[in-house]
Amino acid sequence: MKRSWLGVILLSLVLLLSIVFTQQVVNAFFYEKYARVLLFAGGNVILFPLSFWIYKREKNQA
């Protein structure tokens with residue numbers, strides 16, 4: 001079960017973006033900027049299917 005470097009790097013970038021988006025959601029919520037909260041929370045929701053798609057694509061290649 002050997003993984004390609006591209007899949008690992010892409011999943012790492014998605015994880016990094018997820019952490020950044022979550023941090024921005026908490027920060028914007030603290031400062032009561034709810035439009036930004038919805039924007040970054042929506043981005044976080046979009047990242048999960050993207051990561052799942054990358055994982056499935058890499059799993060099927062091997």
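Count residues from 1 along the sequence. All of these numbers come straight from a predicted model, not from anything done at the bench.
- Atoms CG and CZ, on Leu47 and Phe40 in that order, are 11.5 Å from each other to the nearest 0.5 Å.
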Enumerate donor-acceptor pairs with a distance under 3.5 Å from any side-chain N or O in residues 8-22 to protein atoms, sequence neighbours excluded.
from	atom 1	to	atom 2	distance (Å)
Ser12	OG	Val8	O	2.8
Ser18	OG	Asn44	OD1	3.1
Thr22	OG1	Ser18	O	2.8
Thr22	OG1	Asn44	ND2	2.8

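- Considering Gln61, Arg57, Glu58 as possible partners of Ser4, the one that fulfils the side-chain hydrogen bond (donor to acceptor under 3.5 Å, both in side chains) test is Glu58.
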Side-chain donor/acceptor pairs under 3.5 Å, residues 26-39, sequence neighbours excluded:
from	atom 1	to	atom 2	distance (Å)
Arg36	NH2	Gln24	OE1	3.2

